[in-house]
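Reviewing the structure listed below.
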Amino acid sequence: MVLERGGERDRMIRQIAALDSQRGIATDSGIPWKLPGDSAYFRQKTQRGAIVMGRATYDEFASPLHNRENLVLTSRPGPLRPGFRAIADLAHLRAVLSDDDDVWIIGGATVYRETIAESEELLLTQVLRDFHCTKFFPPYSDDFALESRSKDHRDNEVTY
């Protein structure tokens, strides 16, 4: 589903996530579901613009996502693997990107929470099961309106 806040800005900041029935996005071991169709949707949607992730999300990637800027929002010092660039905060994000670069916030929970007030659009996959997650997407329904919704999909016996 796509939800919008409204308002116009030069740069579009979007969040993209898959949430279980309790707004869960991950366990301490990572994302608890494998949904090839949703992974393809993620790749297709985020192929243009920069992506922003937190340190824990960065740790899950073996390599950067191709053909896009891979930014890691982190306060931890230390070098990152080739293809990733550290940023300290959203002000730093604004400094390293041009005004017309779209931005995709891809997780984790802390980054979603810290950037939701700056986001104009949410692209959320609703996974129709409780996976007993320990990390959650922030509340959003009071600030965003439903723009569109796709038909249900099913992968690996999971409806989303």
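Note that the structure is a prediction, hence the values are computed from the model and not measured. The chain is numbered in sequence order, starting from 1.
Taking CG of Leu80 as the reference point, atom CG of Asp59 lies at 9.0 Å (rounded to 0.5 Å). Rounded to the nearest 0.5 angstrom, Ile105 CD1 and Arg113 CZ are separated by 13.5 Å. Here Phe144 contributes atom CZ and Ser119 contributes atom OG; the two are 6.0 Å apart, rounded to the nearest 0.5 Å. Taken to the nearest 0.5 Å, the NE2 atom of His132 stands 8.5 Å off from the CD atom of Gln22. With rounding to the nearest 0.5 angstrom, the CD atom of Gln15 is 8.0 Å from the CG atom of Leu124. Rounding to the nearest 0.5 angstrom, the gap separating the CD atom in Gln126 from the CZ atom in Arg23 is 10.5 Å.
Looking only at distances, no side-chain donor or acceptor of Thr115 sits under 3.5 Å from a matching main-chain atom of Glu118. Although no hydrogens or angles enter the test, the distance criterion places a donor-acceptor pair under 3.5 Å between the side chain of Asn70 and the main chain of Leu65. When atom types are taken as modelled, the side chain of Thr57 and the backbone of Met53 share no donor-acceptor pair closer than 3.5 angstrom.
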Legend entry - side chain to side chain contact (heavy atoms under 4.5 Å, CB included) between Tyr112 and Leu122, intermediate numbers included: CA-CA 10 Å; Tyr112 286 132; Leu122 308 178; over 6 Å; no
Inset, instruction - Determine, stepwise, if the pair Arg68 / Thr46 fulfils side chain to side chain contact (heavy atoms under 4.5 Å, CB included). - result: CA-CA 8 Å; Arg68 58 206 104 162; Thr46 64; 2.9 Å; yes
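Ile31 and Ile16 are not part of a single hydrophobic cluster, where members link through side-chain heavy atoms under 4.5 Å apart. Note: the hydrophobic cluster containing Leu35 does not contain Leu128 (ILVMFWY, side chain heavy atoms under 4.5 Å, direct or indirect links). Both Val103 and Ile116 belong to a single network of hydrophobic side chains, linked directly or stepwise wherever heavy atoms of I, L, V, M, F, W or Y lie under 4.5 Å apart. Clustering ILVMFWY residues whenever any of their side-chain heavy atoms sit less than 4.5 angstrom apart, transitively, puts Leu90 in the very cluster that holds Leu71. In the hydrophobic cluster analysis, where Ile, Leu, Val, Met, Phe, Trp and Tyr join through side-chain heavy atoms closer than 4.5 angstrom, Phe137 is grouped apart from Val127.
Taking Arg85 as the reference, Glu69 meet the salt bridge (Lys or Arg N to Asp or Glu O under 4.0 Å) condition, with sequence neighbours excluded.
Looking at Leu73 and Glu114, their side chains come closer than 4.5 Å, going by heavy atoms from C-beta outward. Residues Thr27 and Lys135 form no side-chain contact, since every pair of their non-hydrogen atoms from C-beta on lies 4.5 Å or further apart.
In this model, a donor atom of one side chain and an acceptor atom of the other lie less than 3.5 Å apart for Arg154 and Thr159. In this structure, a donor-acceptor pair under 3.5 Å is present between the side chains of Asp28 and Thr134.
The number of heavy-atom neighbours closer than 6.0 Å to CG of Asn67, taken from other residues, nucleotides and ligands shown, is 12 or below. For Arg81, the CZ atom sits in a packed shell: over 12 heavy atoms of surrounding residues, nucleotides or ligands are nearer than 6.0 Å.
With Tyr160 as the fixed residue, the side chain to side chain donor-acceptor pair (under 3.5 Å) test singles out one of Asp20, Asp155, Thr125: Asp155.
For the ring-ring contact (aromatic ring centres under 6.0 Å, His included) condition, the pairs that include at least one residue of residues 41-64, sequence neighbours left out, are Tyr58-Phe84.
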